[in-house]
Number of protein chains: 2
Amino acid sequence: MAETDNSIEIPQDFDSLKATILERKAQLPKRLRQVAAYALDHPDEIAFGTAASIATAADVQPSTLVRFAQHFGFEGFSSLQLIFRARLRERTPGYDERLRALSGNDHSKLESGSIFNGFVAAAHRSLDNIASSVEPEAFERAVNILAGAETIYLVAKRRSYPISGYMAYAFGKLRVRYQMVGTAAGIDDDILAMAGPKDAAFAVSFSPYASESVNQAKLLASRKVPVVSLTDSAFSPLAESSRVWFELVEADHAGFRSLSASMAFAMALTVAVAEKRRRNAREYE
Amino acid sequence: MAETDNSIEIPQDFDSLKATILERKAQLPKRLRQVAAYALDHPDEIAFGTAASIATAADVQPSTLVRFAQHFGFEGFSSLQLIFRARLRERTPGYDERLRALSGNDHSKLESGSIFNGFVAAAHRSLDNIASSVEPEAFERAVNILAGAETIYLVAKRRSYPISGYMAYAFGKLRVRYQMVGTAAGIDDDILAMAGPKDAAFAVSFSPYASESVNQAKLLASRKVPVVSLTDSAFSPLAESSRVWFELVEADHAGFRSLSASMAFAMALTVAVAEKRRRNAREYE
DNA sequence: GACTGGACGGAATAAATATTCTATTCTCAA
DNA sequence: TTGAGAATAGAATATTTATTCCGTCCAGTC
């Protein structure tokens, strides 16, 4: 038998698999080389297809695919396929390297270190994700709505509260009139009663959604106050009350979701609004 | 029978499918809505998983997935799945590319976009920096100090306030006793008067340092309360009052410093402390 | 309060799947 | 040319898969 090569590590990610294939390509038997060529040329097909369909496309037998996989140390074709699928999931260039850099650093030696690394990695992932999930056009609309408002109402509870807390700080510095909602219990309704169509609101809520925030957003929407919202699902109850809404899925570690992407988003929105106002004001001078 | 809706077109790509789902979301029965939410929140899982695995993850029956697909005009679950797979093949162009496409048209649009990108980039830079600037041993010591405290006092003002705000939320979830300092003016001194050597404090302050925070940290230190602090300079006045302190320089954009690294740090510290406590508690059982 | 129609859960089923096995073919050296 | 060993094709097999079907449940209506 000349099958699984135990002496060499089984590739765990697409890049190293690709390298291994290229390296051994010359010594591969005819049909296996045929498979190798097809696999590297049509990685998407390998990821999605069945053994039968791929075999037909590559003009080999299904069993050849299994032998190919086993030749590189995998248990069968299916486990090889996982590598090709993983490649499509996290097609974030640069992320792998960063993660590898993290796992090699001093923190990994201590027990609390892995927690530390985990949160840094989660924050990175969140930020990688944000660029593709926020549409520039929607962002622009949100900026326009908030820049045109007399007073910006900030609605957030619990986990989202730090986000609006930062925005409040920044708006204060930038001389943009704002009003936080939900700090002291009881007077929220009175505050919201003052909001009108000339104002605007920014609401943040992640699942599990604080019912208070949702209701307040609804109330504002019913009073013709344009609402911009930040949430983590297209199914968020916030979405239906909002003129513009952003779906932002934060990566998590140990069950605690990162706030990095939300924070970056909030900072960008805040500064963009202030910038827009400054320019509008100059035009009227 | 009320099945396939021939009058309406079957979505052929992911975007129109998503739009259709969102549109009909309100009228969907309970389980189908559950599937809808899961599908839009975890599109990758739908693309790769089997009906059984997805059903388990979404907490429904496999047959529900089939009904869901048929509800939207597909023949079965498999044909719906093809849409989700196609999405991964032809990745949607990221924000960067879309932004570049926009840049030719309108200058004002470009402006908001560059602000957005700027903050995301700054956040990335901050996170890249954090691993090298925080010493694992110091982190370990900080965890030990806070894990051993009866009550953890959180001291932060202004820009740092969102950080302690998040920690308060997380400590609450994790059943760690804490006390925020500086929320309502006037009673701070009374709160601090209760702190003793068995407690500990975590103070955050970046330049320009809020004198209040600095004084409170000094007061705590003089009362033999161990202080852990997070700041942005070795010359920070906080440092001299602290048992352990961390220097964390955040990258900035347009003069506004990122909070991503501080946030990641705070989350890691919070969870590490809770974890440590949990372990200590188990040892004494 | 009974009736009706849709929604649901769960078992049954038929198709499709990856893998294994074996006979045959090919390769290369003596 | 012949013999030995690997490589291959293709059928057989044991899972796993999506789907169908039917009894039950639930909400709304008269």
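Throughout, a chain's letter reflects where its sequence line sits, starting with A, and its residues are numbered from 1.
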Closest to the [X] side chain: [options]?
X	options	value
B:R67	C:dT19, D:dG10, C:dC8	C:dC8
B:P29	C:dC8, D:dT20, D:dT19	C:dC8
A:K30	D:dT20, D:dT8, C:dC8	D:dT8

*Quick one: is D:dA11 close enough that its OP1 or OP2 comes under 4.0 Å of any side-chain N or O from A:Q61?*
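Looking at the OP1 and OP2 atoms of D:dA11, neither is under 4.0 Å from any side-chain N or O of A:Q61.
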_OP1 or OP2 of C:dA7 versus the side-chain N and O atoms of B:T64: is any pair under 4.0 Å?_
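No, B:T64 has no side-chain N/O under 4.0 Å of OP1/OP2 on C:dA7.
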Whole-Å gap separating [atom2] ([N]) and [atom1] ([X]):
X	N	atom1	atom2	value
A:L28	D:dT8	CG	P	9 Å
B:L80	D:dA18	CG	P	12 Å
A:F68	C:dA18	CZ	C1'	16 Å
A:Q27	D:dA7	CD	P	12 Å
A:I54	C:dT19	CD1	C1'	14 Å
A:D59	D:dG10	CG	C1'	14 Å
B:Q70	C:dA7	CD	P	12 Å
B:F77	D:dT20	CZ	C1'	16 Å

_Touch class at under 4.0 angstrom, heavy-atom based, for A:L32 against every strand present_ =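 The answer is sugar-phosphate, as A:L32 gets under 4.0 Å only of primed atoms, P, OP1 or OP2.
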*Which part of the nucleic acid, if any, lies within reach of B:S63 when heavy atoms closer than 4.0 Å are counted: base, sugar-phosphate only, or nothing?*
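The residue B:S63 makes base contact.
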*Between the side chains of A:S126 and A:N129, is a donor N or O closer than 3.5 angstrom to an acceptor N or O?*
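No - no donor-acceptor pair under 3.5 Å links their side chains.
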_Quick one about A:S53 and A:T56 (side-chain donor to acceptor, distance below 3.5 Å, no hydrogens or angles considered), yes or no?_
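The criterion, which ignores hydrogens and geometry beyond distance, is not satisfied for A:S53 and A:T56.
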_Residue pair B:Y169, A:Y161: steps toward the ring-ring contact (aromatic ring centres under 6.0 Å, His included) verdict_ = CA-CA 9 Å; B:Y169 165 80; A:Y161 186 69; over 10 Å; no
*Answer with yes or no after comparing the ring centroid distance for B:F48 and B:F84 against a 6.0 Å cut-off, counting only values under it.*
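No, the ring of B:F48 stays outside the 6.0 Å limit from the ring of B:F84, centre to centre.
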_Evaluate A:E247 against B:K18 for salt bridge (charged side-chain N to carboxylate O under 4.0 Å, His left out), listing each step before the verdict._
CA-CA 13 Å; A:E247 183 188 345; B:K18 184 175 178 179; 3.4 Å; yes
